[in-house]
Asks: 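Before I ask anything, here is the structure I am working with.
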Protein chains: 2
Amino acid sequence: MAARPHLTEREEEIRSVGASDSSRATILDAAAACFMAKGYAASSIDDVARSLGSTKGRIYHHYPSKGDLFADVFRAGMEMNYAAIRPVRDAAGTAVARWRRMAMVHTRQMIVTRPYQRVVWEGVELYLRGATTPEQREEFARLMQYRNDYGAIFRQVIVAAREAGDMRFEDPRVTEQLMFVSLNSPLFWYTPRPGENERDIEVIVAQVVDFTARGLGVREGACNG
Amino acid sequence: MAARPHLTEREEEIRSVGASDSSRATILDAAAACFMAKGYAASSIDDVARSLGSTKGRIYHHYPSKGDLFADVFRAGMEMNYAAIRPVRDAAGTAVARWRRMAMVHTRQMIVTRPYQRVVWEGVELYLRGATTPEQREEFARLMQYRNDYGAIFRQVIVAAREAGDMRFEDPRVTEQLMFVSLNSPLFWYTPRPGENERDIEVIVAQVVDFTARGLGVREGACNG
DNA sequence: AGTTCAACATACTACTCGGTATGTTGTCAA
DNA sequence: TTGACAACATACCGAGTAGTATGTTGAACT
């Protein structure tokens with residue numbers, strides 16, 4: 001009988017924390033949607049709360065400030081990206097083949113988790129513009145580091161592909177920027193159509209990745225599987 | 001003696017209007033810089049005025065509202081783009097050669113007139129998000145038309161190049177988006193270095209255009225001049 | 001049954017910002 | 001010299017907003 005209460009205690013602790021996390025996740029979704037729709041500065045906490053049918057109290061119970069809420073959406077978006085490319089980043093095959101799979105997964109992410117990814121984009125801009133309070137600046141710096149590491153993964157792969165003779169480009173830094181801007185571009189021009197299915201998305205993803213692959217100078221016939 | 005006063009009158013009218021326009025141009029520059037630095041929503045009229053060493057009165061004397069000021073920066077940015085590509089858009093040569101010159105001029109514009117072009121970018125986003133008042137919406141609609149016409153010029157050229165067998169891509173609409181996102185990308189990652197000259201900019205422009213050209217499937221050896 | 005506490009809602013404050021109403025000044029025509 | 005007007009500056013108002021302080025409630029725990 002000593003183990004049961006202990007187990008139940010942990011179960012309920014998990015369920016309790018899970019309930020709180022569930023509410024936080026709901027807030028996070030609403031915040032992502034609101035920040036995407038109106039941008040950070042034009043979005044008010046009341047807007048987010050209204051879209052939830054709640055009031056500010058709920059949000060300030062979970063987040064100390066608007067900036068922290070935004071940062072958490074940023075973090076969640078980046079974690080989604082890491083989780084998405086994890087299965088393919090260490091897969092077997094040539095560097096260019098790995099890159100192609102990573103690029104497709106990444107681009108699909110931009111479409112499927114668009115609200116979060118637009119917050120990531122705006123978060124990067126806010127940081128680069130220095131539009132952050134000193135306290136938030138170090139948290140944003142961590143998130144930027146997180147994001148730069150993600151970029152470095154791609155950069156390593158395309159540099160390896162270039163060394164293997166399967167890509168050709170000049171400055172890796174500039175090329176990384178061009179690559180991400182291309183792969184991320186659905187953030188700005190993709191709008192979900194009613195009755196759209198996964199096939200339609202795959203068609204778009206293919207075009208985006210093909211364009212970017214050619215831009216990176218992928219050798220003709222190198223891994224078109 | 002009848003012609004002299006008339007001439008002087010016109011001269012002074014021109015000088016007078018020119019002085020007013022000069023003040024407006026100064027305001028426009030400051031507004032573009034401010035909107036670029038902080039974004040539309042986070043920029044206040046007082047911010048713009050402060051950066052001019054003036055007060056709100058000066059701005060509201062020339063512009064009826066913050067939105068109109070923003071729209072005028074938008075318009076000015078687009079006019080710069082039209083003026084920049086005018087000499088090359090109707091030049092002789094193949095479509096792909098015309099495209100390359102247009103692309104280089106356009107990309108250079110993104111770097112040289114960056115504050116204005118970032119406002120153009122944000123203006124497009126504001127319109128697409130519907131973050132405009134009903135009155136401003138029709139002015140923004142005109143500006144969007146203006147911008148879409150500009151995009152159509154490029155689209156016609158790349159479609160012609162494809163028909164000539166010098167490019168290969170699928171959906172022209174998607175491809176146009178990808179092309180502009182690539183060419184515009186210096187807006188987001190270029191930062192002027194101290195002591196940078198025109199050569200350095202040309203190196204960047206070349207990389208951006210090369211990447212985009214390959215992305216558009218420009219045939220190997222087709223116009224690398 | 002009573003206590004505690006998480007998860008909110010409500011009420012309020014201090015402050016910013018867009019816009020307006022009005023005052024001031026230099027300039028130019030008559 | 002004097003009105004008129006453009007080009008601002010100054011003073012002010014109302015609306016919205018981030019953040020806080022406090023009230024409320026249902027559920028778990030004892």
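Chain letters run A, B, ... following the sequence lines, proteins first, then strands; residues in each count from 1.
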Asks: Looking only at side-chain N and O atoms, does B:H62 come under 4.0 Å of OP1 or OP2 in D:dA6?
Replies: no
Asks: Atom CG of B:L52 and atom C1' of D:dA9: how far apart are they, to the nearest Å?
Replies: 14 Å
Asks: Just the rounded figure in Å: distance from P of C:dA9 to CD1 of A:I27.
Replies: 9 Å
Asks: List the atom pairs, with distances to 0.1 Å, where a side-chain N or O of residues 185-194 of chain B and a protein N or O form a donor-acceptor pair under 3.5 Å, not counting sequence neighbours.
Replies:
residue: B:S185; atom: OG; partner: B:S182; partner atom: O; Å: 2.8
residue: B:S185; atom: OG; partner: B:W189; partner atom: NE1; Å: 3.0
residue: B:W189; atom: NE1; partner: B:S185; partner atom: O; Å: 3.1
residue: B:Y190; atom: OH; partner: B:E196; partner atom: OE1; Å: 2.6

Asks: Could you state the atom-to-atom distance from CG of B:D21 to C1' of D:dA6 in whole Å?
Replies: 14 Å
Asks: Expressed in angstrom and rounded to an integer, what is the separation of B:R58 atom CZ from C:dG26 atom P?
Replies: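 Taking atom P of C:dG26 as the reference, CZ of B:R58 is at 16 Å.
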Asks: For B:K38, is there an ion pair with A:E125 - N to carboxylate O distance below 4.0 angstrom?
Replies: no
Asks: Show the distances under 3.5 angstrom between N or O atoms of the protein and N or O atoms of nucleotides 17-24 of chain C.
Replies:
residue: C:dG18; atom: OP1; partner: B:S43; partner atom: O; Å: 3.3
residue: C:dG18; atom: OP1; partner: B:K66; partner atom: NZ; Å: 3.0
residue: C:dG18; atom: OP2; partner: B:I45; partner atom: N; Å: 3.0
residue: C:dG18; atom: N7; partner: B:K56; partner atom: NZ; Å: 3.1
residue: C:dG19; atom: OP2; partner: B:Y60; partner atom: OH; Å: 3.0
residue: C:dG19; atom: OP2; partner: B:K66; partner atom: N; Å: 3.0
residue: C:dG19; atom: N7; partner: B:K56; partner atom: NZ; Å: 3.3
residue: C:dG19; atom: O6; partner: B:K56; partner atom: NZ; Å: 2.5

Asks: Under 6.0 Å between the ring centres of B:F35 and B:F70?
Replies: yes
Asks: In terms of side-chain geometry, is the basic nitrogen of B:R100 or B:D210 positioned less than 4.0 Å from the acidic oxygen of its partner?
Replies: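 Salt bridge present between B:R100 and B:D210.
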Asks: Counting heavy atoms from C-beta on, name the nucleotide in C:dA7, C:dA9, D:dT10 closest to the side chain of A:T55.
Replies: C:dA9
Asks: Can you tell me the distance, in whole Å, between the NE2 atom of B:H61 and the P atom of C:dT25?
Replies: 17 Å
Asks: Centres of the B:Y150 and B:Y146 rings: under 6.0 Å?
Replies: no
Asks: With a 4.0 Å limit, can you tell me whether A:S23 has a side-chain N or O closer than that to the phosphate oxygens OP1/OP2 of C:dC8?
Replies: yes
Asks: Does B:R75 pair with B:E79 as a salt bridge, N-O distance under 4.0 Å?
Replies: yes
Asks: Calculate the interatomic distance between B:R24 atom CZ and D:dA7 atom P; express it in whole Å.
Replies: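 B:R24 atom CZ is separated from D:dA7 atom P by 10 Å.
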